[in-house]
Amino acid sequence: MSRLGFNKSVVYHGETCLGELDVIPVGDKQFRFPNNEIRIHHISPISERCSPLSVLLTISSSSVRCKLESFSSNVKQELLALHASCFYDLKTAVVVIGDEEVHLVAMGSKFQRFPCFWCFVVPAQLYTACLGMLNMRCLSIVFDLDETLIVANTMRSFEDRIDVLTGWIGQESDPVRVAGMTSELKRYVEDRALLKHYAENDAVTDNGQTYEVKMEEVPINAAGNERVVRPVIRLPEKNIVLTRINPEIRDTSVLVRLRPAWEDLRSYLIAKGRKRFEVYICTMAERDYALEMWRLLDPGTHLITPKQLLNRVVCVKSGARKSLLNVFKDGDCHPRMAMVIDDRLKVWEEKDQPRVHVVPAFTPYYAPQAETANAVPVLCVARNVACNVRAGFFKEFDENFIRRVSEYHYEDEVLNLPSAPDVCGYLMPEDASFVPNGNISVPMAEGLNASEVAHRLNQQDSRNADLKSDRSQPLVPSTSIYGPQSFRSAIPSDKPSLLGPIQAPDIWNKQRAGFYPPSHATASSFSAGFRPIVSEAKRDEAFLGYGVPKKNLPQVGQLSDVGVAHNQPYLNNKRGSTDSGNLNSLQSSLSIEVLHEIAQRCGSKVEYRSVFSPNREWRFSYEVLFTGEKVGVGLGKTRKDAQEQAAENALQSLADKYVSYLISRSKPETKVLDTESENGFLWDSDSD
């Protein structure tokens, strides 16, 4: 201990003694080096642009752990040389303690107290990885696979979905819904036939042209050392790829639909040979399947190199939440520098959810036009979001954060150091109850049952018998993350992919207990929502999970009440008094649900289209299109507020139309029609 009461530690670089430094505690924090020895393990790489202090403030979970200086009047030259080298070359001296690194940051001094250091503690290898990314102006992006980038099916999963749809059609009396489900069934049948031909003949015929398989070598698989060659057919015009997870077992043949605009997003990530993002995969799928799906998405290994592949494709067990700390367990990146692209929010740890950009689930069978319904495809929107996040992050980092950090000296207080930029500060927060374009839920999962291929990969001679017993398990429709929260499990991790098996005791018993076949939109997935699976008692207690008594559920014959009695007072209150804010918020959320209920009953679709907002304070503006006709406009400070306001105004407009219709019907008519159609509504002439 020094004469001033501070712990004195001897500094070594390798086996060379450089001298002694006093360990100065910061605040009430006490930090002690093992055996009072500061053993420098290595010197960090030279930074090209970022000061070590700016990097460590970005990635360290805690502030400065301690300060180091020498009170001796006879400082050894070796210590001064270490300080000067680290200070001018933008390096740190690194002490390794267990699985952590203590970085000694050489600081400038107002009073020429050299040598002097600030000490930070970070996980091993994290500093070097993030230093390289920050110097290259690169962030990390984590992708989900199933229903985010791809939808894959085997023969069994096709047959399951065909059986379910056939049963629904047989019990449905509404011709509009029957037409929608029949169109979906046709798409499943066509793709099943394509997959069957591939599995049996190693070839397919499309539009009169025959495509033979091409043998593609897999650079690496889950074992990490086995050479695998798979028979693959690519139909780029249809965004379809056919592959075989286990080349020796034809029953593992898979038809994969790639999400449109993936090429645009992929090109942005590596434009001009420079990585803008380091890419990772986090999925609940089986590992060999996940590796193959990613190989199909990145055949040139430009986004993830073969050496990185096994570490960067992270497979999460069913029932567990996804976590960025798990994705970056090897110290590759700090969550503060990462964003996520996923079709579900709640599968992620709560602390990671602000970094998730939620995209609508990819539903090529239920709504094949959904990807082209908007002027900008879903993955192009994701590309633009990633671009804006990166630009905002590094604008703050370069123009403000680095400048403010450079003004600090050794003697300054460390309690109020500047906060580093965080990716979540540049992502629009996603609300789990927010319904983009009305895609509340898809009637059933469109991709693989996760346990299916895992089972098939391990089966040989007995696989036919196993498949027969497996097919006896029927399929249950699943609800999207955009659906009401009360109908989702606490950890909705059983996603329809290779992990997360779909379990259903008896779908038709569930229907008798309160589940009804969903309505279908024939043009877009941005359409009316569907009733979730819910018990009769639960349906009596709540409407769409918001706790509204069933007796308040608006019926078709009460639409004018919805538009006038309930909606108009809310519009007035929102612009004025906030005394009934909670009730208004509830009614506002219900406006979207009621609008989609109307569309569902009428066999119509609802679309929300973003338009330019002339008001700088109200950044977001949306139009509501009902069967293609604009029926409402809304402004808001968030996307959710703008869409809710637009839905309210649309309800008022539709209510007015309905009242006008009733008035016109009360006049003498010379012509009698069974049904009339106005703006997508089918009016029953006997229901007045």
Can any side-chain N or O of [X] pair as donor or acceptor with the backbone N or O of [Y] at less than 3.5 Å?
X	Y	value
Arg187	Pro368	no
Asn388	Asn384	yes
Ser51	Ser54	yes
Thr92	Val94	no
Thr252	Asn246	yes
Ser253	Arg250	yes
Asp206	Thr210	no
Gln308	Thr305	yes
His103	Val122	no
Lys275	Leu269	no

Distance in Å, [X] [atom1] paired with [Y] [atom2], rounded so as to fall on 0.5 Å steps:
X	Y	atom1	atom2	value
Arg234	Asn239	CZ	CG	11.5 Å
Leu296	Leu149	CG	CG	12.0 Å
Ile141	Cys333	CD1	SG	11.5 Å
Ser419	Asn400	OG	CG	12.5 Å
Glu396	Phe401	CD	CZ	8.5 Å
Leu165	Asp160	CG	CG	11.0 Å

Answer whether the closest heavy-atom distance between the side chains of [X] and [Y] falls below 4.5 Å.
X	Y	result
Lys322	Asp342	yes
Val232	Lys214	no
Leu427	Val385	yes
Trp294	Thr283	no
Val228	Pro247	yes
Cys387	Arg383	no
Val204	Leu242	yes
Arg312	Ile281	no

(message) Check the orientation of Tyr268 and Phe277. Use parallel for under 30°, tilted for 30 to 60°, and perpendicular for over 60°.
(response) tilted

(message) Ring-plane angle category for Phe394 and Phe397, please: parallel below 30°, perpendicular beyond 60°, tilted otherwise.
(response) perpendicular

(message) The test is side-chain contact (heavy atoms from CB on, under 4.5 Å); show your working for His42 and Glu101 and say whether it passes.
(response) CA-CA 10 Å; His42 63 275; Glu101 296 175 347; 4.1 Å; yes

(message) If you apply the rule side-chain contact (heavy atoms from CB on, under 4.5 Å), what do you find for Cys282 with Asp144, and how did you get there?
(response) CA-CA 5 Å; Cys282 187; Asp144 173 50; over 6 Å; no

(message) Taking salt bridge (charged side-chain N to carboxylate O under 4.0 Å, His left out) as the cut-off, I'd like each qualifying pair that reaches into residues 351-369, sequence neighbours left out, listed once.
(response) Arg355-Asp422

(request) Mind running side-chain contact (heavy atoms from CB on, under 4.5 Å) on Leu255 and Tyr198 for me, showing each step along the way? (result) CA-CA 9 Å; Leu255 185 147; Tyr198 160 80; over 6 Å; no

Between [Y] and [X], does any NZ, NE, NH1 or NH2 come within less than 4.0 Å of an OD or OE carboxylate oxygen?
X	Y	answer
Arg230	Glu292	yes
Glu350	Arg321	no
Asp251	Arg244	no
Glu216	Arg295	yes

(message) Under a plain distance cut-off of 3.5 Å, with no hydrogens placed, do Tyr280 and Glu278 share a side-chain donor-acceptor pair?
(response) no

(request) Carefully, step by step, assess Asp146 and Arg344 under the rule salt bridge (charged side-chain N to carboxylate O under 4.0 Å, His left out). (result) CA-CA 11 Å; Asp146 292 292; Arg344 296 189 302 165; over 6 Å; no

Which atoms form the tightest heavy-atom contact between [X] and [Y], and what is the distance?
X	Y	value
His357	Val381	NE2-CG1, 4.5 Å
Gln353	Trp348	NE2-O, 3.0 Å
Phe393	Tyr426	CA-CE1, 3.7 Å
Pro364	Val151	CD-CG2, 3.8 Å

Validation: residues 256-265 side-chain donor-acceptor distances under 3.5 Å, sequence neighbours left out:
unit_1	atom_1	unit_2	atom_2	d
Arg257	NE	Asp191	OD2	2.8
Arg257	NH2	Asp191	OD1	3.3
Arg257	NH2	Asp191	OD2	3.2
Arg259	NE	Glu371	OE1	3.1
Arg259	NE	Glu371	OE2	3.2
Arg259	NH1	Thr148	O	3.0
Arg259	NH1	Pro360	O	3.0
Arg259	NH2	Pro360	O	2.6
Arg259	NH2	Glu371	OE2	3.0
Trp262	NE1	Leu297	O	2.9
Glu263	OE1	Arg266	NH2	2.6
Glu263	OE2	Arg266	NH2	2.9

(request) For Phe362 and Ile150, run side-chain contact (heavy atoms from CB on, under 4.5 Å): C-alpha distance rounded to whole Å, both residues' side-chain angles, the deciding distance at 0.1 Å, then the answer. (result) CA-CA 7 Å; Phe362 180 35; Ile150 58 103; 5.7 Å; no

(request) Step through the shown structure and confirm whether more than 12 heavy atoms of other residues, nucleotides or ligands are within 6.0 Å of CD on Glu237. (result) no

Atom pairs and distances, side-chain donor-acceptor, residues 123-137, under 3.5 Å, sequence neighbours left out:
unit_1	atom_1	unit_2	atom_2	d
Asn135	OD1	Ser47	OG	3.4
Asn135	OD1	Arg49	N	3.1
Asn135	OD1	Cys50	N	3.3
Asn135	ND2	Leu131	O	3.3
Arg137	NE	Asp398	OD1	3.2
Arg137	NE	Asp398	OD2	3.0
Arg137	NH1	Leu134	O	2.3
Arg137	NH2	Asp398	OD1	2.7

